[in-house]
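Just follow the structure's listing: the first ligand is 1, and inside any ligand the first atom is 1. Only a predicted model underlies this, so the values are computations on that prediction, with no experimental measurement involved. Sequence positions, counted from 1, serve as the residue numbers for this chain.
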Amino acid sequence: MSHQPTGLSGRIALVTGGSRGIGRAICIALAEHGAKVVVNYTSRKEAADETVDIIESQGGQAIAVKFDVKNRDETSATIKDIGKQQGGIDILVNNAGIAINGLMMRVKPTHFDDVINVNLGGVMWCSQVASSFILKAKEHGRIINISSVIGEIGNVGQSVYSASKAGVIGLTKSMAREFSSRGVCVNAVAPGLIETEMISTQMSEDMRQTTIEQIPLKRIGLPQDVAGVVAFLASPSASYITGQVIRVNGGMLM
Ligand code: NDP
């Protein structure tokens with residue numbers, strides 16, 4: 001007998017950067033668990049529409065909504081509209097992120113501002129606006145932030161990215177403490193190396209092989225490896241988990 005989990009049935013989930021990569025897999029997983037998913041994107045409308053099509057073809061519900069998480073005014077107005085139109089927001093997954101690499105000694109102010117404003121500012125401001133809805137969802141409310149193993153261990157050429165992802169961990173723990181009195185759980189997921197455009201465009205074949213050697217499970221992760229954990233954290237089964245960083249990295253950091 002085929003069995004679809006329905007633990008998120010009736011819930012509204014907003015996933016930033018849901019058009020591609022890890023975000024797309026998260027949207028699909030949340031929809032499989034019964035949530036109606038708002039798929040955010042900023043530039044690739046076709047990719048966001050494709051995520052919606054995949055979800056609808058599986059009998060789920062989704063809509064694509066454009067906003068740039070580093071644009072505070074646009075983000076605030078759009079998330080308020082989403083909350084009003086959908087009758088609330090129960091789950092926010094702050095997944096949108098960018099990686100610009102370069103040695104610390106050569107980092108330019110625009111590089112710093114772009115990465116911090118998307119990866120950390122985006123989490124801050126999306127959470128602030130969405131929380132007025134999520135707090136009303138009480139024990140069903142969830143904020144799940146995508147950090148990175150690089151936020152915990154650092155990396156050559158990734159000082160700003162690492163700082164942004166470490167910042168996400170601090171923000172997660174503080175929000176978890178602030179929202180706990182309302183039953184809302186806030187957690188971070190810290191992926192290791194995951195097969196998406198973010199790495200395929202930035203890593204040579206040699207670098208890939210060297211990195212795989214350093215991963216105990218000897219493979220690069222898949223977006224679905226992260227999405228399953230996010231769907232679990234969003235579910236009623238995870239209602240006693242808050243302020244945690246869940247590592248999904250093939251054992252890179254134990
Ligand atoms: P991709 O580059 O494949 O996808 C990035 C997604 O973020 C796209 O949906 C993109 O939208 C969206 N996005 C980028 N900038 C903005 C913005 N300003 N506003 C709204 N949306 C935006 O990335 P991944 O799937 O690999 O990464 C997803 C998250 O996981 C990121 O936070 C990343 O840092 C993190 N991560 C990734 C790892 C990896 O190895 N891949 C490892 C650890 C963490 P659009 O399609 O419109 O451009």
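- Distance alone, capped at 3.5 Å, is enough to place a donor-acceptor pair between the Thr51 side chain and the Gly18 backbone.
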Just list the side-chain donor-acceptor pairs under 3.5 Å for residues 134-143, sequence neighbours left out, or say none.
residue : atom : partner : partner atom : Å
His140  : ND1  : Arg11   : NH2          : 3.2
His140  : NE2  : Arg11   : NH2          : 3.2
Arg142  : NE   : Leu233  : O            : 2.8
Arg142  : NH1  : Glu139  : O            : 2.9
Arg142  : NH2  : Ser235  : O            : 2.8

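- The line from CG of Asn95 to SG of Cys126 is 11.0 Å long, rounded to the nearest 0.5 Å.
- The shortest distance between side-chain heavy atoms of Thr172 and Val245 does not fall below 4.5 Å.
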Could you pull out the N/O contacts under 3.5 angstrom between ligand 1 and the surrounding protein atoms?
residue  : atom   : partner : partner atom : Å
ligand 1 : 9 (O)  : Gly17   : O            : 3.1
ligand 1 : 9 (O)  : Ser19   : OG           : 2.7
ligand 1 : 11 (O) : Ser19   : OG           : 3.3
ligand 1 : 18 (N) : Asp68   : OD1          : 2.8
ligand 1 : 19 (N) : Val69   : N            : 3.0
ligand 1 : 25 (O) : Ile22   : N            : 2.9
ligand 1 : 26 (O) : Thr196  : OG1          : 2.4
ligand 1 : 32 (O) : Asn95   : O            : 2.7
ligand 1 : 32 (O) : Lys165  : NZ           : 2.8
ligand 1 : 34 (O) : Tyr161  : OH           : 2.6
ligand 1 : 34 (O) : Lys165  : NZ           : 3.1
ligand 1 : 40 (O) : Ile194  : N            : 2.8
ligand 1 : 40 (O) : Ile194  : O            : 3.3
ligand 1 : 41 (N) : Ile194  : O            : 3.2
ligand 1 : 41 (N) : Thr196  : OG1          : 3.1
ligand 1 : 46 (O) : Ser19   : OG           : 2.6
ligand 1 : 46 (O) : Arg20   : NE           : 2.8
ligand 1 : 46 (O) : Arg20   : NH2          : 3.4
ligand 1 : 47 (O) : Thr42   : N            : 2.8
ligand 1 : 47 (O) : Ser43   : N            : 2.7
ligand 1 : 47 (O) : Ser43   : OG           : 3.4
ligand 1 : 47 (O) : Arg44   : N            : 2.9
ligand 1 : 48 (O) : Arg20   : NH2          : 2.9
ligand 1 : 48 (O) : Ser43   : OG           : 3.0

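- Formation of a donor-acceptor pair under 3.5 Å by the Asn249 side chain with backbone atoms of Pro191 is not found in this model.
- In this structure a side-chain-to-backbone donor-acceptor pair under 3.5 Å is missing from Asn94 to Thr16.
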